[in-house]
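One structure below.
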Amino acid sequence: MIITFGVGIEEIKFGLVPSEVIEIWGEPDQIKEDEREDFVVYYYNEKMTKLYFYSEWGDKLVTIYITNPRLQVWNQKVIGTKKMQIERMLDENGIQSKVYDDYDMINSIFCEEIWSIFGFEYERLTTIEFSVLEDENGNGKWPLA
């Protein structure tokens, strides 16, 4: 599974609506709605991926959360990779903005320019959550537009 920041993961692109995702990946294993936050999450267990569709964005796919060990970023498998290696990878790919958060044994790096959160446990990457990029007015830069 290959991430393209700002675009999506393989054939699943930001801006798709649920019916389009179902055409590509089939029915999700689970669907959860969060009425307070106004979004729907599609869970794909085999792919170890959650897809977030937000009503304020026209029910489009806005965020992807993935823990799949086959995940690749910049042509490298990354789940399980040490934090310092991920930091080096970000640097090598020109990612300048990094905000660090630490919570006991879980910590993260947020990179605004690729609107992504790299989650770590025990100094090893366990998750990546990434979203559609926005223009200066807060509008989505939809890759399908």
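Sequence positions, counted from 1, serve as the residue numbers for this chain.
N107 approaches K83 most closely through the heavy-atom pair OD1-NZ, 3.6 Å. The two atoms that bring S131 and T63 nearest to each other are OG-OG1, 2.8 Å, heavy atoms only. Across every non-hydrogen atom of Y44 and G26, the tightest pair is OH-O, 2.7 Å. Residue P69 comes nearest to K77 through the heavy atom pair O-CD, 4.2 Å, listed as atom of the first residue, atom of the second, then distance.
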*Evaluate the criterion side-chain contact (heavy atoms from CB on, under 4.5 Å) for residue pair N68 and I79; output intermediate values, then yes/no.*
CA-CA 7 Å; N68 193 310; I79 297 297; 5.9 Å; no

*Can you check side-chain hydrogen bond (donor to acceptor under 3.5 Å, both in side chains) on E113 and S97, steps first, answer last?*
CA-CA 7 Å; E113 60 202 276; S97 64; 3.0 Å; yes

*asked:* Does L90 form a side-chain contact (heavy atoms from CB on, under 4.5 Å) with K98? I'd like the steps, not just the answer.
replied: CA-CA 9 Å; L90 291 167; K98 296 177 197 79; 3.8 Å; yes

*Does the side-chain hydrogen bond (donor to acceptor under 3.5 Å, both in side chains) test come out yes or no for E87 and Y100, once each step is laid out?*
CA-CA 11 Å; E87 291 171 315; Y100 294 82; 2.9 Å; yes

*Evaluation steps, side-chain contact (heavy atoms from CB on, under 4.5 Å), between I109 and I117*: CA-CA 6 Å; I109 302 172; I117 300 171; over 6 Å; no

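Distance alone, capped at 3.5 Å, is enough to place a donor-acceptor pair between the N93 side chain and the M89 backbone. Panel note: side chain Q76, backbone V73; no donor-acceptor pair is recorded below 3.5 Å. The main-chain N or O of G119 is found under 3.5 Å from a side-chain atom of T126 such that the two form a donor-acceptor pair. At least one donor-acceptor pair closer than 3.5 Å links the side chain of S55 to the backbone N or O of D38.
Within the 4.5 Å cutoff, side-chain heavy atoms of V78 are placed close to those of I86. Inter-residue side-chain proximity for F118 and S108 is flagged as unmet; no heavy-atom pair is nearer than 4.5 Å. Considering only heavy atoms from C-beta on, Q72 stays 4.5 Å or farther from M1 through its side chain.
The local environment of CD in E11 is crowded, with over 12 non-hydrogen atoms from other residues, nucleotides or ligands closer than 6.0 Å. By the neighbour-count criterion of 12 heavy atoms within 6.0 Å, atom NZ of K32 is sparsely surrounded, having that number or fewer from other residues, nucleotides or ligands. By the 6.0 Å contact criterion, CG on N137 is enclosed, its count of non-hydrogen atoms from other residues, nucleotides or ligands being greater than 12.
Criterion: ILVMFWY side-chain heavy atoms under 4.5 Å apart, direct or through other members. Under it, I22 and I31 are part of a common hydrophobic cluster. Cluster membership check: W25 does not share its hydrophobic cluster with V17, using side-chain heavy-atom separations under 4.5 Å among Ile, Leu, Val, Met, Phe, Trp and Tyr. Transitive grouping of hydrophobic side chains (ILVMFWY, heavy atoms separated by less than 4.5 Å) keeps L133 and I95 in distinct clusters. There is no path of hydrophobic side-chain contacts, each under 4.5 Å, that joins I2 to I12. Under a hydrophobic-cluster definition in which Ile, Leu, Val, Met, Phe, Trp and Tyr are linked whenever side-chain heavy atoms come within less than 4.5 Å, directly or via other members, I3 and V7 are assigned to different clusters.
Distance CH2/W142 to NZ/K13: 14.5 Å, rounded to 0.5 Å. Taken to the nearest 0.5 Å, the CG atom of D101 stands 12.0 Å off from the CZ atom of F120. Atom CD1 of I114 and atom CD of Q96 lie 12.0 Å apart (nearest 0.5 Å). Note: Q85 CD to E123 CD = 11.5 Å, rounded to the nearest 0.5 Å. Rounding to the nearest 0.5 angstrom, the gap separating the CD1 atom in I24 from the CD atom in E10 is 11.0 Å. For the atom pair L71 CG and I66 CD1, the distance stands at 4.5 Å (nearest 0.5 Å).
If you look at W57 and F14, their ring centroids are not closer than 6.0 Å. A ring-centre distance under 6.0 Å is found for F110 and W115. Aromatic ring centroids of F53 and F39 lie 6.0 Å or more apart.
Considering Y65, Y52, F5 in turn, F5 is the only one that fulfils the ring-ring contact (aromatic ring centres under 6.0 Å, His included) rule with F130.
Seen from the ring of Y43, K50 does not count as a face-on cation partner, given the 6.0 Å and 45° thresholds.
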